Amino acid sequence: EHILGSLDAGVADLVFLEDGTFISGSVKRERKEGKQVLLRNAKAVLFIPDTEEFVLMRSPHENEGKQKMKFFGGMVEPGTYSRAQNPYDSTILREISEETGMAHIWGEGYQPEGNLVLAGERGMFDDGRKWEPRRTSFYVYIPTPREISAIREFKVFLDDARGKNYSEFIKRLKKWKKSIKGQGEVSEILFLTKKQLTDASLTESFNISSSMEKLMANPFVRDFLNNFRIASSHGPEEAVRSVQSEPEPSPLPQTIKTEN
């Protein structure tokens, strides 16, 4: 998975069956025939070093009370492969740019300039449904100071628009989604403390998506987030992790340098 995902654009961009058979047709047709498909997926939460807060999003819903809190991210799509980056990495950077408002402020195609920290190995997790397994990579992204300002600005913009008239706000998001690639998929930006995010009562306190619930139920992910910190002795650009105990050895997180 690690080698093929890095080297083979065809392998990385295709949806494939659980037995390794590649498909280029309709995924829905495969499901009707009783076959399971295996999708590649990338998810991330943002970390603000100064306040030690995590940043997440809510997705829009006609019913305001049914908005789901979730991690940033999406599926690996054709065209995300480049010689410079792994498809998972390029996918999550694109999603972060679009979903945090960076692309909204600085234009489509903006490349995040902060640090991307990989939890474990690429494709290590599965946050899919039983009939739709996924190879999911999970990251923490540490934005630059100007990106943090942009995220806060985008949050204020969404809060203001949502507070005036929710139904009109949803219509506006739908128009954005149709006219601007990657836009209109976020209804709210949320800042959570580490305790709020890793607490066992997370699902009771927040209406979270099924994929987020599945990832947070993974001991490795919960431990990774609970112990995530920026070590000042290593400088502001190096993310490190301190683990008190683990049931078995696990791969350490990797800091991935983003490129403009």
Side-chain angles (χ1 to χ4, degrees), residues 1-2 5-7 12 40-57 70-77 79-103 105-106 109-125 127 134-151 154 182 186 189 191-192 194 197 211-212 215-216 218 220-221 223-231 234-243 250-260:
E1 171 68 14
H2 179 72
S6 300
L7 302 180
R40 294 171 186 258
N41 193 33
K43 295 291 178 69
V45 61
L46 275 60
F47 182 74
I48 310 298
D50 291 347
T51 58
E52 294 195 343
E53 291 176 297
F54 288 100
V55 185
L56 298 97
M57 59 171 274
K70 57 175 63 176
F71 294 122
F72 298 99
M75 296 294 177
V76 174
E77 299 173 354
T80 57
Y81 177 87
S82 72
R83 292 183 182 278
Q85 288 182 314
N86 181 280
Y88 286 114
D89 301 348
S90 55
T91 292
I92 195 59
L93 289 173
R94 183 196 70 235
E95 293 290 340
I96 288 171
S97 177
E98 293 172 350
E99 295 177 343
T100 62
M102 295 179 195
I105 294 172
W106 293 311
Y110 173 78
Q111 285 293 308
E113 300 170 347
N115 284 326
L116 193 61
V117 184
L118 175 66
E121 298 291 338
R122 294 178 180 87
M124 177 176 171
F125 307 103
D127 66 339
R134 301 173 182 173
R135 289 186 186 272
T136 298
S137 296
F138 184 71
Y139 306 82
V140 172
Y141 177 73
I142 307 166
T144 64
R146 79 165 188 146
E147 288 175 346
I148 294 172
S149 297
I151 294 165
F154 189 54
V186 180
I189 297 292
F191 286 75
L192 272 64
K194 183 181 293 186
L197 180 59
S211 64
M212 180 177 175
L215 279 172
M216 290 304 297
N218 186 300
F220 184 94
V221 172
D223 174 74
F224 177 75
L225 293 174
N226 193 47
N227 293 287
F228 192 87
R229 62 190 175 86
I230 302 298
H234 291 265
E237 292 188 352
E238 185 173 355
V240 300
R241 172 173 170 263
S242 171
V243 181
S250 300
L252 293 175
Q254 305 172 39
T255 300
I256 302 158
K257 295 295 182 181
T258 59
E259 297 183 6
N260 296 333

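Note that the coordinates shown come from a computational prediction; the quantities given were computed from them, not determined experimentally. All residue numbers in this chain count up from 1 along the given sequence. We use all heavy atoms of the structure for the numbers below, so side chains are in, but hydrogens, waters and symmetry mates are not.
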Minimum heavy-atom separation for V221 to L215, with atom names? CB-O, 3.3 Å
Taking only residues two or more places apart in sequence or in another chain, which ones pass side-chain hydrogen bond (donor to acceptor under 3.5 Å, both in side chains) with K43? D127, S211
Could you go through the side chain to side chain contact (heavy atoms under 4.5 Å, CB included) check for L197 and L56 one step at a time? CA-CA 10 Å; L197 180 59; L56 298 97; 4.2 Å; yes
I'd like to know whether N218 forms a side chain to side chain contact (heavy atoms under 4.5 Å, CB included) with F224, so could you lay out the CA-CA distance, the side-chain angles of the two residues, the decisive distance to 0.1 Å, and finally the verdict. CA-CA 10 Å; N218 186 300; F224 177 75; over 6 Å; no
Those residues at least two apart in sequence (or on a different chain) that pass ring-ring contact (aromatic ring centres under 6.0 Å, His included) with F47 are F54, F228
Please name the pair of heavy atoms, one in E99 and one in I189, separated by the smallest distance, quoted to 0.1 Å. O-CD1, 3.8 Å
Classify the ring geometry between Y110 and W106 as parallel (under 30°), tilted (30 to 60°) or perpendicular (over 60°). tilted
Pair R135-V76, side chain to side chain contact (heavy atoms under 4.5 Å, CB included): steps then yes or no: CA-CA 10 Å; R135 289 186 186 272; V76 174; over 6 Å; no
Can you measure from CZ (F138) to CE (M124) and round to the nearest 0.5 angstrom? 12.0 Å
Is any side-chain heavy atom of L93 closer than 4.5 Å to one of Y141? yes
So I92 and S137, do their side chains get closer than 4.5 Å, heavy atoms only? no
Which pair of non-hydrogen atoms, one from L225 and one from M216, has the smallest distance, and what is that distance? CD1-SD, 3.7 Å
Between S90 and P87, is there a donor-acceptor pair closer than 3.5 Å when you use the side chain of the first and the backbone of the second? yes
Between CG of L192 and CD1 of I48, what distance do you get to the nearest 0.5 Å? 12.0 Å
Contacts of S149 that satisfy side chain to side chain contact (heavy atoms under 4.5 Å, CB included) - sequence neighbours left out: none
Any idea which heavy atoms bring Y139 and A42 closest together, and the distance? CE1-CB, 4.2 Å
Please report the shortest heavy-atom distance between A44 and I96, naming the atom on each side. CB-CD1, 4.2 Å
For N226, enumerate each residue passing the side-chain hydrogen bond (donor to acceptor under 3.5 Å, both in side chains) test, keeping only those at least two apart in sequence or located in another chain. T198
A side-chain contact here means heavy atoms from C-beta on lying under 4.5 Å apart; do T100 and V55 qualify? no
Please tell me if the side chains of E95 and F72 come closer than 4.5 Å, counting only heavy atoms from C-beta onward. no
Could you pull out all residues at least two apart from E52 that satisfy side-chain hydrogen bond (donor to acceptor under 3.5 Å, both in side chains)? none
Residues L46, E53; criterion side chain to side chain contact (heavy atoms under 4.5 Å, CB included); working and verdict: CA-CA 8 Å; L46 275 60; E53 291 176 297; over 6 Å; no
Validation row: D89, R122 side chains within 4.5 angstrom (heavy atoms): yes
When you measure from the side chain of E147 to the backbone of E113, do you find a donor-acceptor pair of N or O atoms at a distance under 3.5 Å? yes
Enter the distance from Q111:CD to M102:CE here, rounded to the nearest 0.5 Å. 11.0 Å
Give the ring-plane orientation class for F125 versus F220, where under 30° counts as parallel, over 60° as perpendicular and anything between as tilted. tilted
